[in-house]
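Single-structure report; data block below.
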Amino acid sequence: MEPLKRTERNTWPRGRSSLVTRKQTEKSWLSSNWLKVGILLLVFFVWAGIVAAVHTHKALPAGLSFEGKAYRAESVDFLYDLSYKKDGGYHQEQMIFDRVKHAIAEAKEFIVIDMFLYSGYYDNDQSFPPLSGQLTESLLDAKRRHPAMPITVISDEVNTTYGSHPSPELERLKAAGIAVVLTDTDPLRDSVPLYSAVWRMGLQWFGQSGKGWLPNPLADSAPKVTLRSYLKLFNVKANHRKVVATENTALVLSANPHDASFNNSNIGFQITGSKGFISEVVGTEQAASLMSGGPGLLQPKSGDKPGESARSEEASGNGTQEKAASSKDAVTVRLLTEGKIYSRLLAAISAAPEGSRIRMGMFYLADRKVIDALLDASARGVSIQLLLDPNQNAFGHSKTGIPNRPVAAELRKKSGGKIAVKWYNTAQEQFHTKVIDIRDPEGNAVINGGSANFTPRNLDDLNLETNVEITAPAGSKITEDLDRYWDRLWNNRDAEYSLDYPAYKDKLVGFKRVVYHLQDMFGFTTY
């Protein structure tokens, strides 16, 4: 029995040693695999960081972020659409697309149109006039009258819900021989880098087209969309311009030919009699077209006459007000796109001396540099009035009041109540206006308006945007037109257009301020 006992004594340690070895092997295997997972995650995040950095700092495509010369124009007309409540009813005044249709009807050499929202879709329980259809018919009529005339329509992929379905309006134009360009926003910088980096690393490769099965985010009457379209939508990138150009005139607008936007209040400027300005508008639209694989565009036949440009070459691109642009007898116009809107805006606010006035009508006000510039201006004795959309409604759906309500509360508090804020008295529509009017103590004006909201996405070389900067002497037609418009809305001359600040005083403004700052930090927002 002794040998057996020795065997038992000898095998027990060997069995224990084997168990320990197996456990050590398992731990080693787990450690090795966790190490591999960790390395793969590290590689993924490093690569995503590189992709995010590259696509937030890369050079813009040629021709974007453009600052034009200051040109004298034969006429600069201020246009507006207004919706308002009066005598228990709902009233509307429409000017903008009447002028657009008239410009199209007069064109004989070329037409270039760039519009962000160009769509007839809206929710089934709503009803609107066919604004998109009317514009489409105007363009088709122009093509029938002048078959050889080049007509180009540039728009955003939002109208196809990012590739899920065709746009009925744009398909009609294409069938008639009108060039249609859907803007490729991929070459633009990413405004939501944490998401867009992941999208660029793989999600984009699957495309967006196919049989849709998810509700359309724009309207329940629109075709269903694919999940891949939602994945592209989350990049929140857009050609947000609203521009019309013919050989005779250019219009820079805040309004879209979108049926569900028909009731929105908007502004625009029509510039006539400056071939140089029109040529620059066409040039910036050609940049958007070429970036997207579209055609080159026909330029006006002749440029401005010698001396029509109102600035010297030495002053080009320095972001300051030109002496010629502020001469007593000159109204000048300067084309601005993307980040050049930003630099000229900040320069104009910063240059306003004590005793100046700033009046701003704005759909979205969120950019920190603009907010700081307004506070600085108020501190040095500039009178500031802000008429803002309450961010309450969007096509019949409720909104949270961000960003305007927390921003308005901040401006009032930090200025000690010196910055006056009122809200446009909206119903189910939006105060979609985007304009600032700066007057020096003598009444001379610097006006900046067009497609751009005053937010980072609209100003900081992210979206495609087009504004016009107008300089005008006191007593000019454009300044008087703006005076009448502002006085009517701010002082409620013939209807209740605007409401005092307490009308939308928000008990949750502190929480919304935190949300606004987080959205501003990470870019996870649609504004």
Side-chain angles (χ1 to χ4, degrees), residues 63 66 68-69 71-79 95-116 118 131-132 134-155 169-170 172-174 176-181 239 241-257 266-290 294-305 308 333-337 449-451 464 466-468 470:
F66 177 83
K69 296 180 179 181
Y71 292 100
R72 299 188 186 188
E74 282 180 12
S75 68
V76 181
D77 292 335
F78 175 62
L79 312 175
M95 295 174 61
I96 293 174
F97 279 99
D98 288 345
R99 289 293 187 96
V100 169
K101 288 183 279 187
H102 185 70
I104 292 170
E106 286 190 330
K108 295 180 181 178
E109 295 180 16
F110 70 89
I111 299 171
V112 176
I113 292 184
D114 190 345
M115 292 288 171
F116 169 55
Y118 188 169
L131 186 58
S132 60
Q134 291 169 3
L135 178 61
T136 301
E137 289 299 332
S138 294
L139 291 167
L140 294 175
D141 287 345
K143 192 64 176 176
R144 285 189 284 267
R145 287 193 305 272
H146 306 288
M149 179 173 65
I151 302 176
T152 305
V153 174
I154 303 171
S155 194
E169 294 80 14
L170 299 180
R172 288 187 66 199
L173 297 178
K174 285 194 281 188
I178 293 173
V180 173
V181 179
N239 174 0
R241 294 175 176 177
K242 303 109 168 57
V243 175
V244 179
T246 73
E247 72 274 14
N248 302 312
T249 191
L251 295 103
V252 180
L253 312 170
S254 74
N256 293 295
N266 278 291
I267 58 91
F269 297 94
Q270 182 170 12
I271 295 93
T272 305
S274 174
K275 295 290 186 183
F277 183 84
I278 295 170
S279 180
E280 288 183 348
V281 170
V282 175
T284 58
E285 291 308 316
Q286 177 166 275
S289 177
L290 295 178
L297 306 180
L298 182 69
Q299 293 284 342
K301 287 183 177 179
S302 59
D304 284 325
K305 297 177 181 178
E308 188 171 351
V333 290
R334 186 193 305 271
L335 183 68
L336 304 171
T337 72
S451 71
L464 295 188
T466 299
N467 273 30
V468 59
I470 303 162

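Contact between Met115 and Pro257 at its shortest, heavy atoms only, is SD-CD, 3.4 Å. Annotation for Ser254 and Gly450: closest pair CB-O, 3.3 Å, computed over non-hydrogen atoms. Shown here for Glu247 and Glu106, the closest heavy-atom pair between the two residues is OE2-O, 4.1 Å. Considering all non-hydrogen atoms of both residues, Ser155 and Asn239 come closest at O-ND2, 4.3 Å. Counting all heavy atoms, side chain and backbone alike, Pro150 lies closest to Glu109 at CD-O, 3.3 Å. The heavy-atom pair separating Val100 from Val244 by the smallest distance is CG1-CG2, 4.0 Å.
For Glu285 and Arg241, the salt-bridge test passes: some basic side-chain N is under 4.0 Å from an acidic carboxylate O. Taking the charged nitrogens against the carboxylate oxygens, Arg172 and Glu137 do have a contact shorter than 4.0 Å, which makes a salt bridge.
When side chains are defined from C-beta on, Lys101 counts as touching Gln134, because their heavy atoms get closer than 4.5 Å. Between Ile111 and Thr152 the shortest side-chain heavy-atom distance does not fall below 4.5 Å. Looking at heavy atoms from C-beta onward, Leu170 lies in side-chain contact with Val153 at the 4.5 angstrom threshold. With contacts defined as side-chain heavy-atom distances shorter than 4.5 Å, the pair Ile278/Ile271 does not qualify. Considering only heavy atoms from C-beta on, Val112 stays 4.5 Å or farther from Val281 through its side chain. By the 4.5 Å heavy-atom criterion applied to side chains, Leu335 and Phe277 are counted as neighbours. Within the 4.5 Å cutoff, side-chain heavy atoms of Ser289 are placed close to those of Pro295. In this structure, Lys69 and Glu280 have side chains that are in contact, with non-hydrogen atoms separated by less than 4.5 Å.
Scored by the ring pair (Phe, Tyr, Trp, His ring centres under 6.0 Å) test, Tyr118 finds no partners at all (sequence neighbours excluded).
Atom CG of residue Leu79 and atom CG of residue Leu253 lie 7.0 Å apart, to the nearest 0.5 angstrom. Here the OG1 atom belonging to Thr284 is positioned 9.5 Å from the CG atom belonging to Leu464, to the nearest 0.5 angstrom. We find the OG-OH distance between Ser279 and Tyr71 to be 7.0 Å, quoted to the nearest 0.5 Å. To the nearest 0.5 Å, atoms CD1 (Ile104) and OG (Ser138) are separated by 5.0 Å. Between the CD1 atom in Ile151 and the CD1 atom in Ile178 there is a gap of 4.5 Å [rounded to 0.5 Å]. Atom CZ in Arg99 sits 8.0 Å away from atom CG in Leu251 (nearest 0.5 Å).
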Quiz item: Going through the checks in order, is the side-chain contact (heavy atoms from CB on, under 4.5 Å) test met by Val282 and Phe110?
Solution: CA-CA 10 Å; Val282 175; Phe110 70 89; 3.7 Å; yes

Exercise. List the steps, then state whether side-chain contact (heavy atoms from CB on, under 4.5 Å) holds for Asn467 with Ser451.
Key: CA-CA 6 Å; Asn467 273 30; Ser451 71; 4.2 Å; yes

Exercise. Show the numbers, then the answer: is there a side-chain contact (heavy atoms from CB on, under 4.5 Å) between Lys242 and Thr466?
Key: CA-CA 7 Å; Lys242 303 109 168 57; Thr466 299; over 6 Å; no

Practice problem: Let me see the working for Glu169 and Leu173 under side-chain contact (heavy atoms from CB on, under 4.5 Å), right down to the final yes or no. | Solution: CA-CA 7 Å; Glu169 294 80 14; Leu173 297 178; 5.8 Å; no

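No donor-acceptor distance shorter than 3.5 angstrom exists from the side chain of Lys143 to the backbone of Ala148, with no hydrogens or angles considered.
In the model, Gln270 has a side-chain atom that pairs as donor or acceptor with a side-chain atom of Thr249 under 3.5 Å.
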